[in-house]
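We're numbering straight along the sequence, starting at 1.
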Amino acid sequence: MIAWRAVSAAIADATQADFELADAQPLSGGSINQAWRMTATDGRSYFAKLNRADTLPMFAAEQTGLAAVAATATVRVPHAITCGVAAERAFLVLEYLALNSRGNALLLGRQLAALHRTQAPQFGWQQDNTLGTTPQHNARSSDWVAFWSEQRLGFQLDLAARNGYRGELQKQGRELQQKLPQLFADYRPVPSLLHGDLWGGNRAYCEDGTPVLFDPAPYFGDREADLAMTELFGGFDAQFYTAYHAAWPLDPGYVQRKTLYNLYHILNHANLFGGGYLRQAEAMMQRLNLAAGNR
């Protein structure tokens with residue numbers, strides 16, 4: 001049973017305007033959370049995510065991340081209204097946007113480059129968040145290679161070991177951790193504000209073509225990590241890349257490092273789903289270890 005009255009009251013408190021629920025319709029597309037469109041008697045609509053009560057920290061971190069991206073005034077994200085727990089369910093309420101799969105890809109490329117120009121003194125983030133349902137640790141560090149080795153690659157390898165994935169995966173992974181500095185010998189990334197989970201399913205367009213990004217897992221990191229993920233599962237067209245590269249060209253070494261950055265997501269999928277992702281992760285690590293050894 002969903003406590004719509006409690007969620008409605010939270011919306012009213014956050015917006016300082018009465019919210020009388022007229023209708024709540026389930027929406028498709030979410031694999032982690034339940035998604036609903038809440039419509040008031042006066043016609044206002046909101047997008048609500050629901051999950052178990054213990055997922056509230058995940059929603060709270062998402063609310064913080066959306067606010068941080070919105071504050072850059074670079075790319076549009078849904079405005080976060082409120083989050084909380086009602087009737088043993090966590091909820092996150094966002095503005096409702098009518099979205100399409102196609103729009104102004106050139107503008108999205110320029111806007112992502114502008115987002116990445118939002119920088120900080122250190123890598124990391126003000127709090128931990130999640131990548132899907134997996135914890136993502138973001139302790140601040142001035143050393144990007146150490147950050148990626150420990151909080152990204154190392155964390156996923158430790159999780160894999162706990163899941164029973166040992167053998168070649170761990171051998172190749174631990175070797176790669178030792179060789180990471182060689183992949184950055186001629187490259188020093190700056191701490192850019194990243195979306196953090198930038199696959200095609202987390203971008204869309206308003207009816208007028210305006211790009212919208214959502215479901216962020218943000219932190220300050222190497223901007224190449226965001227670009228790499230856009231290539232992992234597809235969904236971004238040539239105009240997007242043309243516009244991004246024109247606004248801020250990538251280092252030539254990106255062609256090699258994008259495999260390293262996408263390895264993080266493949267390891268996460270291996271830990272969540274197993275199967276072919278394990279073999280894919282092993283093959284990626286073998287290629288990276290060979291490349292690092294040849295430098």
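Dense packing is recorded around CD of Q127, with more than 12 heavy atoms of other residues, nucleotides or ligands lying under 6.0 Å away. Around the CG atom of D18, the shell of radius 6.0 Å holds no more than 12 heavy atoms that belong to other residues, nucleotides or ligands. Around atom CD of Q122, more than 12 heavy atoms belonging to other residues, nucleotides or ligands sit under 6.0 Å away.
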Set out, in order, the CA-CA distance, both residues' side-chain angles and the distance that settles side chain to side chain contact (heavy atoms under 4.5 Å, CB included) for R89 and V7, then state yes or no. CA-CA 10 Å; R89 291 198 186 191; V7 179; over 6 Å; no
Hey, mind stepping through L250 and H245 against side chain to side chain contact (heavy atoms under 4.5 Å, CB included) and telling me if it holds? CA-CA 7 Å; L250 291 170; H245 295 160; 3.5 Å; yes
Derivation and outcome, side chain to side chain contact (heavy atoms under 4.5 Å, CB included), residues D251 and E224: CA-CA 9 Å; D251 182 88; E224 290 184 349; 4.0 Å; yes
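Scanning all heavy atoms of the two residues, the minimum distance from L107 to P211 falls at CD2-CD, 3.6 Å.
Residues V212 and L99 are in side-chain contact: their nearest non-hydrogen atoms beyond the backbone lie under 4.5 Å apart. A 4.5 Å side-chain heavy-atom check between H137 and E150 finds every atom pair outside the cut-off.
Shown here are the salt bridge (charged side-chain N to carboxylate O under 4.0 Å, His left out) partners of D42, two or more places apart in sequence or in another chain: R44. In this structure, N104 has no side-chain hydrogen bond (donor to acceptor under 3.5 Å, both in side chains) partners at least two apart in sequence or on a different chain. In terms of the side-chain hydrogen bond (donor to acceptor under 3.5 Å, both in side chains) criterion, Q63 has no residue partners (sequence neighbours excluded).
Judged purely by distance below 3.5 Å, without hydrogens or angles, the side chains of N33 and R52 never pair a donor atom with an acceptor atom. Between the side chains of Y241 and T230, a donor-acceptor pair is found at a separation under 3.5 Å. Looking at S141 and D143, their side chains never bring a donor and an acceptor atom within 3.5 Å of each other. Looking only at atom types and distance, the side chain of D226 has a donor-acceptor partner in the side chain of H116 under 3.5 Å away.
Atom CD of Q25 and atom CZ of R37 lie 9.0 Å apart (nearest 0.5 Å).
Applying the ring-ring contact (aromatic ring centres under 6.0 Å, His included) test to residues at least two apart or on different chains, the pairs with a partner in residues 43-94 are F19-Y46.
When hydrophobic side chains of Ile, Leu, Val, Met, Phe, Trp and Tyr are connected at separations under 4.5 Å, L56 ends up clustered with V85.
If you chain together hydrophobic residues whose side chains sit under 4.5 Å apart, V145 and F155 never meet in one group.
Relative ring orientation between W36 and W4 is described as perpendicular, the plane-to-plane angle rising above 60° on a 0-90° scale split at 30° and 60°. Using the six-membered ring where Trp is involved, W148 and Y264 have ring planes that are perpendicular, over 60° apart on the 30 and 60° scheme.
The six-membered or imidazole ring of H269 lies near that of F233, with a centre-to-centre distance under 6.0 Å.
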Going by atom type alone, with no hydrogens or angles, which donor-acceptor pairs under 3.5 Å involve a side-chain atom of residues 157-165 and a protein atom two or more places apart or on another chain?
| residue | atom | partner | partner atom | Å |
| --- | --- | --- | --- | --- |
| D158 | OD1 | R174 | NH2 | 2.7 |
| N163 | ND2 | L159 | O | 3.3 |
| N163 | ND2 | N271 | OD1 | 3.0 |

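Under a cutoff of 6.0 Å and an axis angle of 45°, R223 and Y244 do not form a cation-pi pair.
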